[in-house]
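Treat the numbers as computed from the prediction; the structure is a model and nothing was measured. Quick note on labels: first sequence line is chain A, next is B, and so on, each numbered from 1.
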Protein chains: 2
Amino acid sequence: MAIMGDTLAAATAVGGQYRQPILVAAIEITAREGWSAVTMARLAERIGISRQTVYNEVGSKTALAEAMVAHELDRFLALVGGAFDRHPDDLPGAVYDAVRGVLDLAADNVLLRAVVSATHGGDAELLPLLTTRADTLITEATAILAERVRSHRPGVSAEQIDVAVDVLVRAVLSHVMQPSDTPARTADRLAWLAGRVLDDGSSGVPLRYGGR
Amino acid sequence: MAIMGDTLAAATAVGGQYRQPILVAAIEITAREGWSAVTMARLAERIGISRQTVYNEVGSKTALAEAMVAHELDRFLALVGGAFDRHPDDLPGAVYDAVRGVLDLAADNVLLRAVVSATHGGDAELLPLLTTRADTLITEATAILAERVRSHRPGVSAEQIDVAVDVLVRAVLSHVMQPSDTPARTADRLAWLAGRVLDDGSSGVPLRYGGR
DNA sequence: GACTTGACAAACTCTACGATTCTGTAAATC
DNA sequence: GATTTACAGAATCGTAGAGTTTGTCAAGTC
């Protein structure tokens with residue numbers, strides 16, 4: 001799986017010149033006034049195009065919702081990928097950056113939280129549409145994370161990595177919904193845990209927990 | 001209903017003779033037809049008492065909801081306590097039993113899942129009332145678990161235990177909402193992880209993951 | 001003394017219905 | 001290509017009236 005929005009952007013950036021502005025406007029309105037406040041007419045008016053053009057670009061309102069969710073999910077996953085790119089030789093560092101990034105992003109991102117909320121069983125009242133995509137959030141995130149971790153820890157068994165990654169992903173999602181500390185401290189703790197669980201014996205990682 | 005609710009009846013049995021039947025009936029109706037199907041008149045009729053007696057026992061419908069949630073939460077926490085009682089010298093074993101128990105219980109327990117769902121941000125459409133209690137689910141569960149783990153691992157730092165327990169609790173809650181495997185296998189993996197993270201160096205716990 | 005009965009106001013839910021808005025599609029126009 | 005206009009069907013909104021339910025009385029019964 002390629003990094004950043006490349007492959008994923010292919011899913012969102014394809015389309016006419018108005019697709020991106022429409023998505024951005026739709027996300028903005030949803031975040032501030034809720035999904036129900038998003039109407040095709042309003043999007044058209046705000047961007048300065050005709051309603052018909054909106055339909056030509058996004059197809060239907062359901063498709064628009066899907067695209068919005070995909071767009072947010074891309075940011076989410078791109079962030080994780082970026083963190084691992086920045087720390088090719090430092091797994092705890094990568095985990096710290098990834099967790100911190102996701103938590104910070106989620107803090108002021110209504111839509112992302114709605115997606116996570118939906119993943120975690122909630123109704124969210126605002127997007128019963130994202131079920132298709134949201135069902136696979138844990139699966140997708142786990143998959144790309146496991147892939148990245150595997151390259152950091154070639155000596156650790158796949159099963160072991162799967163366990164650690166599954167727990168890491170679910171813990172982060174849970175902290176998005178119910179934070180119990182600052183993003184920085186949560187990231188610190190999870191990074192420590194990842195280092196400890198996925199220690200391959202070669203590094204000099206101290207097993208004591210220590211604040212960053 | 002595998003395990004009867006009398007385990008910690010002490011916490012809930014306070015009150016008149018009708019309190020328990022009322023709670024049981026309310027839980028039963030909620031599980032099958034939803035919270036809106038629970039009316040004071042219906043509870044009275046089903047038990048064979050007057051509506052006024054129901055009010056005398058539980059006070060109000062909101063109080064009834066609170067009592068129901070408390071009742072389910074007690075089962076939940078008692079299960080964890082029991083698992084640790086059964087394995088005083090085996091932390092992974094205790095974690096396995098606790099996780100397995102919670103996951104099995106949650107599988108056929110609508111109300112418990114509603115509580116967890118609420119904790120994890122969702123609305124659940126059926127109990128917007130449990131916010132008071134549900135907010136503290138993670139906190140409470142983490143607290144009693146940490147306490148238990150501390151007695152198993154006197155040599156491990158409190159901070160270290162807090163991190164492991166927080167992650168464990170959140171992972172379990174997440175698996176209640178979105179299982180990715182059987183309760184047995186999930187419990188197995190989390191027990192392994194707990195053993196690994198909380199290894200105090202004294203045990204001969206193998207660091208390889210192995211099926212149970 | 002504990003429980004029941006009947007009565008009651010206030011709040012809430014259910015239903016129905018017309019007005020309004022929105023979606024989605026099509027054709028004509030620039 | 002994009003826009004405008006037009007339109008049918010669906011969804012939403014606001015309203016108003018009927019019916020339930022809640023929560024609290026006080027009087028009655030075992």
Asker: Only counting residues at least two apart or in another chain, list the ones meeting ring pair (Phe, Tyr, Trp, His ring centres under 6.0 Å) with B:H87.
Answerer: none
Asker: Could I get a table of every N or O pair under 3.5 Å where one atom is in the protein and the other is in nucleotides 4-8 of chain C?
Answerer:
residue, atom, partner, partner atom, Å
C:dT4, OP1, B:S50, N, 3.4
C:dT4, OP2, B:S50, N, 3.0
C:dT4, OP2, B:S50, OG, 2.9
C:dT4, OP2, B:T53, OG1, 2.3
C:dA7, N6, B:R51, NH2, 3.4

Asker: Does a donor on one side chain sit under 3.5 Å from an acceptor on the other, for A:S180 and B:R170?
Answerer: yes
Asker: Going 5' to 3' on DNA chain D, which nucleotide is the first and which the last to come under 4.0 Å of a heavy atom in chain A?
Answerer: D:dA2 to D:dA6
Asker: B:D108: what forms a salt bridge (Lys or Arg N to Asp or Glu O under 4.0 Å) with it, not counting sequence neighbours?
Answerer: none
Asker: Return the set of residues passing salt bridge (Lys or Arg N to Asp or Glu O under 4.0 Å) with A:E45 (not counting sequence neighbours), or none when no residue passes.
Answerer: none
Asker: Can you check the A:W35 CH2 to C:dC22 P distance for me, whole Å?
Answerer: 14 Å
Asker: About how many Å separate OG1 of A:T139 and CD1 of A:I144, when rounded to the nearest 0.5 Å?
Answerer: 12.5 Å
Asker: Under 4.5 Å between any side-chain heavy atoms of A:M40 and A:V58, yes or no?
Answerer: yes
Asker: Just jot down the ring pair (Phe, Tyr, Trp, His ring centres under 6.0 Å) partners of B:F76, sequence neighbours excluded, or say none.
Answerer: none
Asker: If I take atom CZ from residue A:R51 and atom OG1 from residue A:T39, how far apart are they, to the nearest 0.5 angstrom?
Answerer: 9.0 Å
